[in-house]
Amino acid sequence: MIKKVAAVVAVGGFVSLVFSINRILHKGMDTLDETNKTLAEVRKSIRSLTIETKQTIHTANQITKDVRDKIDAVDPLLDSLHDVGDIIHNATHALKTSSEPAEPNVYLKLPETNQKVSVKIGERTLKT
């Protein structure tokens with residue numbers, strides 16, 4: 001009789017063990033199902049973000065190209081302004097150097113008598 005009771009207890013323990021393992025496996029399956037759903041949602045979100053990122057990069061590339069084109073269009077104008085600045089500088093330098101005496105502290109001395117002096121500049125004649 002002890003053998004029968006021991007056999008029943010062993011079978012009961014085994015059934016209880018199988019039942020517990022079955023419950024654990026079902027909970028594991030439920031967790032895996034939730035994980036799969038979450039991963040599917042993450043993939044969907046990543047796809048939409050990827051599309052938006054590609055559009056943003058494309059827009060940034062277009063803006064960069066537009067800025068480069070505008071800079072290229074302004075470059076000749078800046079070069080022309082630089083040339084005009086050089087011309088003005090050269091002209092003012094030439095006027096400055098032409099108005100200075102050839103030698104410092106040397107001035108034109110007029111005769112001290114009452115003689116009239118005439119100076120011809122181009123087609124004009126100045127008389128003093």
* About how many Å separate CG of Asp86 and NE2 of His89, when rounded to the nearest 0.5 Å? -> 8.0 Å
* Asked: Got a salt bridge between Asp69 and Lys65, using NZ or NE/NH1/NH2 to carboxylate O under 4.0 Å?
  -> yes
* Structure fact -> When rounded to the nearest 0.5 Å, the distance separating OG1 of Thr64 from CD of Gln62 is 10.0 Å
* Asked: How long is the gap from NZ on Lys27 to CG on Leu32, to the nearest 0.5 Å?
  -> 14.0 Å
* So Glu34 and Lys37, side chain to side chain contact (heavy atoms under 4.5 Å, CB included) or not? Walk me through it. -> CA-CA 5 Å; Glu34 285 294 318; Lys37 288 177 185 176; 4.1 Å; yes
* Do Asn22 and His26 have side-chain atoms, one donor and one acceptor, less than 3.5 Å apart? -> yes
* To do: Look at the side-chain heavy atoms of Ile, Leu, Val, Met, Phe, Trp and Tyr, link any pair under 4.5 Å apart, and say whether Ile71 and Ile63 land in one connected group.
  => yes
* Of the non-hydrogen atoms in Ser45 and Ser48, which two are nearest, and what is the gap between them? -> O-OG, 2.8 Å
* To do: Just do the side chain to side chain contact (heavy atoms under 4.5 Å, CB included) check on Asp72 and Asp75 with the steps written out, would you?
  => CA-CA 5 Å; Asp72 290 342; Asp75 275 347; 4.2 Å; yes
* Structure fact -> To the nearest 0.5 Å, atom CG of Asp33 lies from atom OG1 of Thr38 at 10.5 Å
* State whether the side chain of Thr50 and the backbone N or O of Ile46 hold a donor-acceptor pair below 3.5 Å, judged by distance alone. => yes
* ILVMFWY cluster, Leu25 and Leu17 together (side-chain gap under 4.5 Å) -> yes
* Structure fact -> Rounding to 0.5 Å, atoms CG (Asn61) and CG (Asp66) come to a distance of 11.0 Å
